[in-house]
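Everything numeric here is computed off the predicted structure, so don't read it as measured data. In what follows, every chain begins at residue 1, and chains take the letters A, B, ... in the order their sequences are listed. Hydrogens, waters and symmetry mates play no part in the numbers below; they use all other heavy atoms, side chains included.
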Protein chains: 2
Amino acid sequence: MTKPTPHRAAALDEITGSAIPGWAILVVQVNNVVATRLGVTDTDVQCLHVLGRHGPATPGALATRVNLTTGSASRMIDRLVAAGCVRRVPDPGDRRRVLIEPTQEGLDQVRAAYAGLVDRTRADLDAFTDGELDAILRFLRAAERSTEAEIQRLR
Amino acid sequence: MTKPTPHRAAALDEITGSAIPGWAILVVQVNNVVATRLGVTDTDVQCLHVLGRHGPATPGALATRVNLTTGSASRMIDRLVAAGCVRRVPDPGDRRRVLIEPTQEGLDQVRAAYAGLVDRTRADLDAFTDGELDAILRFLRAAERSTEAEIQRLR
DNA sequence: ACACATCAACTGCGTGACGCAGTGAAATTA
DNA sequence: TAATTTCACTGCGTCACGCAGTTGATGTGT
């Protein structure tokens, strides 16, 4: 077992040290370009992503997800409301709370902005077998969990 | 061929519509947390990532990679110099140009900030076979190319 | 029932990152 | 050599953000 796979160690290094960072840099950049296109802030699109993924949320919950104070989140929501991407809905259960829910227009704008990238990625995935696709999916889910855990730790 | 794999279509949708976006959101968030920890801006860490990946670059090249004007890049470099992460080196070949190169301290700081996440990811990757690892690596490289291409298109 | 503490979202104010427009220096070209 | 282009770099205004305080609603103890 002194030499399980020399190739394997190299692959691990390349994935963690080069491929993931390289991709992450471009993800940040494409988000920035999209934000500029939509005429909003990077933080705003991040907020829209969170809403599209987890559904309506309170300003407070939104603030923690995008690393903002509640005050700054308030202003961010003002901007998104003004842009027609988001709506303020009173929480029937607790009249202190307000729920922020994305408008159809907001969801469509974000979806359209990333449609090109999604298409390219689908095309990329054509080159893989069903089993490889499954492995990729499992990896992405694992990375999601690990990144989430690391965020919690770093706070 | 009317039913190549029903499972495959579902996997494609989940990867492009859920797994990648979900991970991307967290990548942005972890970058933000790291930036706060290092006492610099999100843009600053993005710049450090670019430098760590592509080596020394001129302020102009750096500006395009982080979507900034050359003026704002100048100030960003000022901040990074003040933080001891970066050095200005005159270009011997063209005396108008200045090369920005990361200091060892800057590289170490970034590396340390992400060490926990890298460790987690390596642990995640233990669960995959050599062949699966190879598929994951090929996918990441393809995603990198596609994202790069989409950025060019959106400009 | 009534005060009192808590928790939610929201506002004034200061700081700072950014874009824009202009400057100066060096290189390229006519 | 003169004109143009291409760099990096600076005043200035705008706007996103954090901080601290406000308002209103919900619980909580006596």
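Taken residue by residue, residues 53-67 of chain B places heavy atoms nearer than 4.0 Å to DNA chain D at B/T58, B/P59, B/G60. At a non-hydrogen distance threshold of 4.0 Å, nothing from residues 29-38 of chain B comes into contact with DNA chain D.
Contacts of B/D94 classified as salt bridge (charged side-chain N to carboxylate O under 4.0 Å, His left out), with partners at least two apart in sequence or in another chain: B/R96, B/R97. When the salt bridge (charged side-chain N to carboxylate O under 4.0 Å, His left out) test is applied to A/D134, the partners found at least two apart in sequence or on another chain are A/R138. Every residue two or more places apart in sequence or in another chain was checked for a salt bridge (charged side-chain N to carboxylate O under 4.0 Å, His left out) with A/R145, and none qualifies. Not a single salt bridge (charged side-chain N to carboxylate O under 4.0 Å, His left out) links A/R37 to another residue, sequence neighbours left out. Evaluation of the side chain to side chain donor-acceptor pair (under 3.5 Å) rule for B/Q46 yields no partner, not counting sequence neighbours.
Proximity of B/T69 to the phosphate of C/dG19: a side-chain N or O atom is located under 4.0 Å from OP1 or OP2. A close approach under 4.0 Å does not occur between any side-chain nitrogen or oxygen of A/S74 and OP1 or OP2 of C/dA9.
If A/R75 and A/I100 are placed on DNA chain C by their nearest nucleotide, the residue sitting closer to the 5' end is A/I100. Take the nearest nucleotide of DNA chain C for A/I77 and for B/D44: the residue whose nucleotide is more 5' is A/I77.
A straight line from CG of A/L68 to C1' of C/dC10 spans 14 Å, rounded to a whole angstrom.
Side-chain contact between A/Q109 and A/L48 is absent, with no heavy atoms from C-beta onward closer than 4.5 Å. Under the 4.5 Å side-chain criterion, counting only non-hydrogen atoms from C-beta, B/R65 is not in contact with B/R53.
Taking hydrophobic clusters as Ile, Leu, Val, Met, Phe, Trp and Tyr residues chained together by side-chain heavy-atom distances below 4.5 Å, B/V28 does not share a cluster with A/L51. A chain of hydrophobic side-chain contacts below 4.5 Å, direct or via other Ile, Leu, Val, Met, Phe, Trp or Tyr residues, connects B/Y114 to A/L154.
Legend: salt bridge (Lys or Arg N to Asp or Glu O under 4.0 Å) pairs involving residues 38-49 of chain A, not counting sequence neighbours, sorted by first then second residue: A/D44-A/R79.
With a heavy-atom cut-off of 4.0 Å to chain B, the contacted part of DNA chain D has its first and last nucleotide at D/dT6 to D/dC12.
Minimum interatomic distance between A/L140 and B/I20 (heavy atoms only, all atoms of both residues): CD1-CG1, 3.8 Å. Listed here is the closest heavy atom pair of B/C47 and B/L80: SG-CD1, 3.8 Å.
In this structure, B/W23 and A/W23 have parallel ring planes: the angle between them is below the 30° cut-off, well short of the 60° mark.
With side-chain heavy atoms closer than 4.5 Å counting as contact, directly or through intermediates, B/L107 stands alone and belongs to no larger hydrophobic cluster.
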N/O-N/O pairs, protein side and nucleotides 22-29 of chain C side, under 3.5 Å:
from: C/dA27; atom 1: OP1; to: B/R95; atom 2: N; distance (Å): 2.9

Which pairs, protein N/O on one side and nucleotides 14-17 of chain C N/O on the other, fall under 3.5 Å?
none

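Interatomic distance, B/E148 CD to A/R120 CZ, rounded to the nearest 0.5 Å: 10.5 Å.
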